[in-house]
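Throughout, a chain's letter reflects where its sequence line sits, starting with A, and its residues are numbered from 1.
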Protein chains: 2
Amino acid sequence: MPKEVVIVNNNKLIKLLKQNGLSITDSRRKILQLFLEQDGALAHGDIEKKAGEKFDRVTVYRTLQIFVDKGIIHTIPTADNSIRYALCKDECGEGHHHDHHIHFVCDNCNTTYCLDDVVTPEIKLPKGYSAGHVEVVVEGVCKNCQ
Amino acid sequence: MPKEVVIVNNNKLIKLLKQNGLSITDSRRKILQLFLEQDGALAHGDIEKKAGEKFDRVTVYRTLQIFVDKGIIHTIPTADNSIRYALCKDECGEGHHHDHHIHFVCDNCNTTYCLDDVVTPEIKLPKGYSAGHVEVVVEGVCKNCQ
DNA sequence: TATAAAAAAGCAACAATGTTGCAAAAGATA
DNA sequence: TATCTTTTGCAACATTGTTGCTTTTTTATA
C-alpha cells in the first residue's frame, strides 16, 4: 500500500518523533514537516489550511497540543487572539520549555520569527513579585520587508 | 425615569468618556467602571460575565473595541488565546498608544497586572530588523500570592 | 508476517467566541 | 420637546475550540 503523503526529510522527522516517544503517523509527519520547512511561526489557522485538507480539524488540534506538551514546538503570545507555534530548540523537552529567545512580528507581512540569537533581558520587578518565564514580542519591520 | 445602573465615580467616568468624544451610555459607563475599580486586567470573558447580564454580548465587543481605538484601554497578549484589557495611562490617545510598561501574569491567581513603573528594556535586534513596539509579559507569582 | 493490544484519527455533536446587518431605543443638539 | 444621530439589542451566522465514541492505524509480539 503506497503512502499518500509525500514526506521530505523523512529521517529527521521520524527521529524527532521517536525521540519524544511519539508513534509515527501521517498527520504528525505532515504537521512537523510544515514546521521544519518554515522560517517563521505558524498559527493554528495556517496549519489547518495547509494540512487540514488531508486531516481532520480535531487531529490538528490534538497534534499541536501533543507537540507543545512534548517540547517539540512552543507557543508565541500575540495581541490578536491567534496563538502562533514555532519549533523549539533542542534543549526543550517534556514538561520544560527553555525558550529564552525573543519573538518578532512583522507589521508588513505579518510573519512571526523566533530570533534565536536575541536573549530575553533581565527584568527587575517591584517588591513582592517573583519572575518565572519572561516573554518578549517585538513588533516592527522584518528583514524581508525593509 | 430612574437609572437602573448604579454608577460610582460618575464624574471621572463621564469626564473620561467626553474627553474621548464618546457619548455617555449605560454600557460604556458600566464597562469603564469595571476597569476603574479593578487592579488587574480583564479578559473579554470577565467583562461579559460582570456586565453582560445587563448588556448584549455584541455591545461588549463593540464597547471594548471603541475603548481600544480611543486609547482608553490597551490589549495585553497572552499565550492562552484570551486577550486581556487594561486601562491606559493619560498619554494614550486616539490612534497612538504609549504603553511602555511591562505586564505580569500570576501563575497562581491568574491575575494580569500592568507594572507601570517597570519600563520595557531596549532590545538589540539582528541586522535587517527594525523595532516598533516592544511587548514584555512576565509570568510568575504576584504580590498577593507569595 | 500475522495477530492482538494500544494509540491515534475521524466523525458527529456541541460549546464558546466573534461578526454583520438591521430595526428599535437612547443620547445629543437645537 | 422635537429631530437627528448614535448606539443598542436582536437574530442569524461564521469561526474556533472541545468531547465522547467508533473505526482505523500503528506498534509490539508471537
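Checking D:dC10, D:dT27, C:dA12 against the side-chain heavy atoms of B:Val58 singles out D:dC10 as nearest.
Atom pair A:Phe67:CZ and C:dA9:C1' shows a separation of 14 Å (rounding to whole Å applied). Taking atom NZ of B:Lys54 as the reference point, atom C1' of C:dA25 lies 13 Å away to the nearest angstrom. In this structure, CG of A:Leu64 is placed 15 Å from C1' of C:dA8, rounded to the nearest angstrom. In this structure, B:Leu22 places its CG atom 10 Å from P of D:dT8, rounding to the nearest Å. The interatomic distance linking A:Arg29 (CZ) with C:dA7 (P) rounds to 20 Å, in whole Å. Rounded to whole Å, the distance from CG on A:Asp80 to P on D:dT16 is 11 Å. Rounded to whole Å, the distance from CD1 on B:Ile14 to P on C:dG27 is 11 Å. In this structure, B:Arg57 places its CZ atom 15 Å from P of D:dC13, rounding to the nearest Å.
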task = Show your reasoning for whether side-chain hydrogen bond (donor to acceptor under 3.5 Å, both in side chains) applies to A:Glu135 and A:Thr120.
result = CA-CA 7 Å; A:Glu135 183 71 42; A:Thr120 55; over 6 Å; no
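Considering B:Val68, B:Leu34, B:Ile72 as possible partners of B:Tyr85, the one that fulfils the side chain to side chain contact (heavy atoms under 4.5 Å, CB included) test is B:Val68.
When each of B:Asp56 and A:His44 is assigned the nucleotide of DNA chain D with its nearest heavy atom, B:Asp56 is the one assigned upstream, toward the 5' end. Mapping B:Ser23 and A:Gly21 onto DNA chain C by nearest heavy atom places A:Gly21 closer to the 5' end of the strand. Both B:Thr63 and B:Asn81 lie near DNA chain D, and the one whose nearest nucleotide falls closer to the 5' end is B:Thr63.
Within the 4.0 Å cut-off from OP1 or OP2 of C:dG27, not a single side-chain nitrogen or oxygen of B:Thr25 is found.
Across all strands, A:Arg28 comes closer than 4.0 Å only to sugar-phosphate atoms, never to a base (heavy-atom distances).
The base of C:dG18 has none of its N or O atoms less than 3.5 Å from a complementary donor or acceptor on the side chain of B:Arg62.
Under the ring pair (Phe, Tyr, Trp, His ring centres under 6.0 Å) criterion, B:Phe104 pairs with A:Tyr129, not counting sequence neighbours.
Residues A:Thr63 and A:Arg28 have side chains that never bring a donor and an acceptor to within less than 3.5 angstrom of each other.
Under a 3.5 Å cut-off, the side chain of B:Asn20 and the backbone N or O of B:Leu22 do not form any donor-acceptor pair.
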